[in-house]
Amino acid sequence: MFAAVKEKLRTLKSAATVNKTPAHPEYKMATETKRDDHVGHSFCKTLNDILPPEILVEIFNAAILDTWEPACKTMKSLSLVCRSWKEAGRGLELSKVFENNRAVIQRLSVQTDYQKDFHRLPELLGLCRTSLRRLNLDRFFTNVPITELLQDAKPEDGSTVYFPNLISLGLVKFNTRELIAFITSVDPMKLEHLSLRDTFLGYDFIVPDELANLRLPYLKEVIVGGNFRPENPTVGWLCQIAPNLQLLELSTIRERLPAMIEFFASDQIPKTLKEPRIWIKIDKYDHLDPESPDLAPFVQLLKERGWKRWICVHMSCGSWVYE
C-alpha cells in the first residue's frame, strides 16, 4: 500500500513539472478551472447585488432572533462579511438589547452630534427603561428639530412610572416640557441625584398643584448649571420637591451673587442641606476671594448654618476652589 502511495506521489510530481503549452491537454484543463473560479467569484458578487437590502434585513433579523446574544454582538460579526452587508445592517444593533429575557443596560450616556438631535433614542429608552439606573442626555444644540423622547411614554406592563429603577438623571439643554416629562417619569422613591445644565422652567411658568405637591424624599443631590436667576422658579421648585436635600450646587456671575446669597438665606432651602456649592464666574482680570465684600456675606452664612464650604471662582484662564 505504501509503495502505491509513493508511486502516485511520484506521478503527480512528474505531472507538475510538465511544460504546459497551449497544445498540452492539461493547459486547457487549467484554463477551464481558472475560468470556473472566476465565474464562481462573479456569481457571489452578483448574488450580493441581486439581494435587496430589505431581504438582507430579514435575514439579519432571523439571525438576531436565533441567538440569546444582544443584537449589537450579532451584527458586529455579520458586518464583517462584506460592505453591502455592513450597509444593510445599519440600525439593527438596537433591535434586541435583551439577554435571558431582560434588559442589561443600567447606565446610559448619550450626546448629540453637531446640528443634530437624538437619533433612535426613544426606541432605546423603551427597550431598557426598566433596567436603567443612571441616565445622562446631553444636547449640543437647541435650535434644531427636537426629537420627542418620551412621546406617549406609557409602560406596557401596567406600572405607574416609565423609569422604575432610575436613581440618577442628568439633562443638558432640555426645555420646560421635557424637564417636567422626565421628572414625572421616575419613581419618586428611587431618584437620588439630579443634574441640570441650561435646563430650566420658563420664567413665566406657573407650577401647577400636581407638580408642587410632588415629593422626592430620596433626592439628596441637585446640581443646576447655568447662570442662576432668582426670578426663575426652577431651583425653588426643586428645593420644594426634595425635602431631604443635602447638596445643592448652583452657578452664577459676580453681578448676581447677592441674589444667590439671599436665596440661600431664605426659607426655600430645606433644613437638611449640608453642602451648598456655588460656581462664580468673573472677568479675566478680576479677583474674588472669601474676604471680598461680595463673597463675605455668604461665608458668614456658611458659618451660621454650619454648612460645608465649597466655593469655586472661575474665569477664562483658570479656576480655584475655596474649601
Side-chain angles (χ1 to χ4, degrees), residues 109-118 134-144 146-147 149 168-184 186 191-207 211 214 216 219-242 245-266 268-270 273 275-284 286 288 294-295 298 310-322:
S109 181
V110 183
Q111 183 178 15
T112 60
D113 294 330
Y114 180 78
Q115 293 289 1
K116 293 182 180 180
D117 201 41
F118 299 102
R134 301 182 184 276
L135 176 63
N136 292 281
L137 304 178
D138 189 343
R139 178 175 282 139
F140 197 93
F141 277 105
T142 57
N143 57 349
V144 296
I146 296 177
T147 304
L149 300 180
S168 177
L169 175 63
L171 303 175
V172 178
K173 294 184 180 179
F174 279 67
N175 57 35
T176 299
R177 177 173 51 81
E178 293 175 315
L179 172 60
I180 296 176
F182 273 95
I183 292 294
T184 56
V186 303
L191 191 64
E192 301 175 0
H193 176 88
L194 177 64
S195 176
L196 306 177
R197 182 171 181 79
D198 297 327
T199 301
F200 304 100
L201 299 174
Y203 285 94
D204 56 349
F205 181 78
I206 300 176
V207 181
L211 295 180
L214 179 66
L216 306 175
L219 181 57
K220 303 295 181 63
E221 300 179 355
V222 171
I223 299 175
V224 181
N227 292 335
F228 171 79
R229 293 177 180 267
E231 60 269 23
N232 189 285
T234 305
V235 181
W237 174 58
L238 294 177
C239 291
Q240 181 181 358
I241 66 177
L245 187 64
Q246 296 183 4
L247 184 148
L248 177 61
E249 183 175 311
L250 302 178
S251 303
T252 190
I253 58 179
R254 184 167 189 168
E255 290 74 13
R256 299 196 185 113
L257 187 56
M260 175 180 287
I261 298 175
E262 183 179 355
F263 172 77
F264 274 107
S266 66
Q268 299 184 65
I269 299 298
L273 187 67
E275 186 176 355
R277 295 184 175 185
I278 61 172
W279 292 72
I280 309 171
K281 184 178 181 180
I282 62 176
D283 296 333
K284 183 176 181 180
D286 202 356
L288 183 66
D294 294 342
L295 196 53
F298 184 70
W310 195 95
I311 303 171
C312 181
V313 180
H314 65 101
M315 60 178 69
S316 59
C317 60
S319 62
W320 56 93
V321 176
Y322 297 104

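Given the structure is predicted, the values throughout are model-derived calculations rather than measurements.
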Legend entry - Which residues share a side-chain contact (heavy atoms from CB on, under 4.5 Å) with N227, sequence neighbours left out: I253, R256

Inset, instruction - Apply side-chain contact (heavy atoms from CB on, under 4.5 Å) to P258 and list each qualifying residue two or more places apart in sequence or on a separate chain. - result: none

Legend entry - Partners passing salt bridge (charged side-chain N to carboxylate O under 4.0 Å, His left out) against D294 (at least two apart in sequence or in another chain): R254

Inset, instruction - Could you tell me which residues satisfy side-chain contact (heavy atoms from CB on, under 4.5 Å) with V313, sequence neighbours excluded, listed by chain and number? - result: I282, L288, I311, W320, Y322

Inset, instruction - State which residues pass salt bridge (charged side-chain N to carboxylate O under 4.0 Å, His left out) with E255; sequence neighbours excluded, sorted by chain then number. - result: none

Inset, instruction - Please identify each residue that fulfils ring pair (Phe, Tyr, Trp, His ring centres under 6.0 Å) with W237, with sequence neighbours left out. - result: none

Legend entry - Minimal non-hydrogen separation, S168 against L191, with atom names: N-CD1, 3.9 Å

Inset, instruction - Just jot down the side-chain contact (heavy atoms from CB on, under 4.5 Å) partners of T112, sequence neighbours excluded, or say none. - result: D117, F118, R139, F140

Legend entry - Partner residues of T234 under the side-chain hydrogen bond (donor to acceptor under 3.5 Å, both in side chains) criterion, sequence neighbours left out: N232

Inset, instruction - Measure the spacing between CG of L216 and CD1 of I183 and express it to the nearest 0.5 Å. - result: 6.5 Å

Legend entry - Listed partners of F264 passing ring pair (Phe, Tyr, Trp, His ring centres under 6.0 Å), at least two apart: F298

Legend entry - Partners passing salt bridge (charged side-chain N to carboxylate O under 4.0 Å, His left out) against R277 (at least two apart in sequence or in another chain): E249, E275

Inset, instruction - Kindly say whether G225 contributes a backbone atom to a donor-acceptor pair with the side chain of S251 at under 3.5 angstrom? - result: no

Inset, instruction - Report yes or no: does N175 contribute a side-chain atom to a donor-acceptor pair with the main-chain N or O of E178 at less than 3.5 Å? - result: yes

Inset, instruction - Not counting sequence neighbours, list each pair that qualifies as a salt bridge (Lys or Arg N to Asp or Glu O under 4.0 Å) and has a residue in residues 223-237. - result: R229-E231

